[in-house]
Amino acid sequence: QVQLVESGGGLVQAGGSLTLSCVVSGRAVSTKSMAWFRQAPGKERDFVAAITWNGGSTYYADSVKGRFTISRDNAKNTVYLQMSSLKPEDTAVYYCARHIYGRQWNEVHGYDYWGQGTQVTVSL
C-alpha cells in the first residue's frame with residue numbers, strides 16, 4: 001500500500017515563502033518520479049512541478065518557474081516544494097502524486113497515487 005502525506009501548508013502574506021513536504025511510504029518509493037499539483041476552489045487540478053526518481057530532472061509549470069523549487073530526499077522518502085515570492089493566485093490545495101512511468105508529466109491521469117492535500121493561502 002502506497003501512502004502520501006503532505007504537510008507544511010498555511011497562511012502567508014504575498015511575497016512570502018513556504019516549504020511543503022510529502023512523505024511517501026510503500027514499495028519502490030525511491031524509484032518513482034513524483035510531482036506536485038494544486039487545485040483552487042472551483043478550478044481543475046493543475047500541474048505545478050515534477051521530479052524524476054533520482055532528482056536528475058525537474059519540470060515546472062510556467063506560472064511557477066523561477067519561484068518554486070521541487071526536490072527530494074530518497075533516504076527520507078520525502079519530496080519537497082519550496083515556494084517563494086508567493087502570490088494570491090498561488091492559493092490552492094496542494095497535492096503530491098506518484099508518476100506513472102511513460103505518462104505525461106502535466107496531466108492528472110499520469111499519476112496513480114495522491115496525497116490528501118495541504119492548504120496554502122496567500123493574502124495581500
Glu89, CD atom: more than 12 neighbouring heavy atoms under 6.0 Å: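 It does: Glu89 CD has more than 12 such atoms within range.
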Test side chain to side chain donor-acceptor pair (under 3.5 Å) applied to [X] - qualifying residues, sequence neighbours left out:
X      : answer
Thr121 : Gln119
Lys43  : none
Gln39  : Arg45

Ala49 versus Leu81, closest heavy-atom pair with distance: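 Heavy-atom minimum between the residues: CB-CD1, 4.3 Å.
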Shortest non-hydrogen contact from Arg38 toward Ala92: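 Closest approach of Arg38 to Ala92: CB-CB, 3.8 Å.
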With Arg103 via salt bridge (charged side-chain N to carboxylate O under 4.0 Å, His left out) - residues at least two apart: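 Scan of Arg103 (salt bridge (charged side-chain N to carboxylate O under 4.0 Å, His left out), adjacent residues dropped) gives none.
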Qualifying residues under salt bridge (charged side-chain N to carboxylate O under 4.0 Å, His left out), relative to Asp112, sequence neighbours excluded: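 Checked Asp112 against salt bridge (charged side-chain N to carboxylate O under 4.0 Å, His left out); matches are Arg98.
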Sub-4.5 Å side-chain heavy-atom contact between Ile100 and Lys32: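 No, every pair of side-chain atoms sits at 4.5 Å or beyond.
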Listed partners of Trp105 passing ring-ring contact (aromatic ring centres under 6.0 Å, His included), at least two apart: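 Here the qualifying residues are Tyr59, His99.
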Partners meeting ring-ring contact (aromatic ring centres under 6.0 Å, His included) with Phe37 (sequence neighbours left out):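 Testing Phe37 for ring-ring contact (aromatic ring centres under 6.0 Å, His included), a comparison that skips the adjacent residues, returns Phe47, Tyr111, Trp114.
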For Thr69, side-chain contact (heavy atoms from CB on, under 4.5 Å) partners two or more places apart: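 With neighbours one apart ignored, the set is Tyr60, Gln82.
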Arg67 side chain to Ser85 backbone, donor-acceptor under 3.5 Å: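 Between the backbone of Ser85 and the side chain of Arg67 there is a qualifying donor-acceptor contact (under 3.5 Å).
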Check: Thr118 side chain, Glu6 main-chain N or O, donor-acceptor pair, under 3.5 Å: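 The answer is no, because no donor-acceptor pair under 3.5 Å joins these two groups.
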For [range], which residue pairs qualify under disulfide (SG to SG under 2.5 Å), counting only residues two or more places apart or in two chains?
range           : value
residues 58-93  : none
residues 73-116 : Cys22-Cys96
residues 52-91  : none

Pairs satisfying salt bridge (Lys or Arg N to Asp or Glu O under 4.0 Å), at least one member in residues 50-64, at least two apart: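 Output for this query lists Asp62-Lys65.
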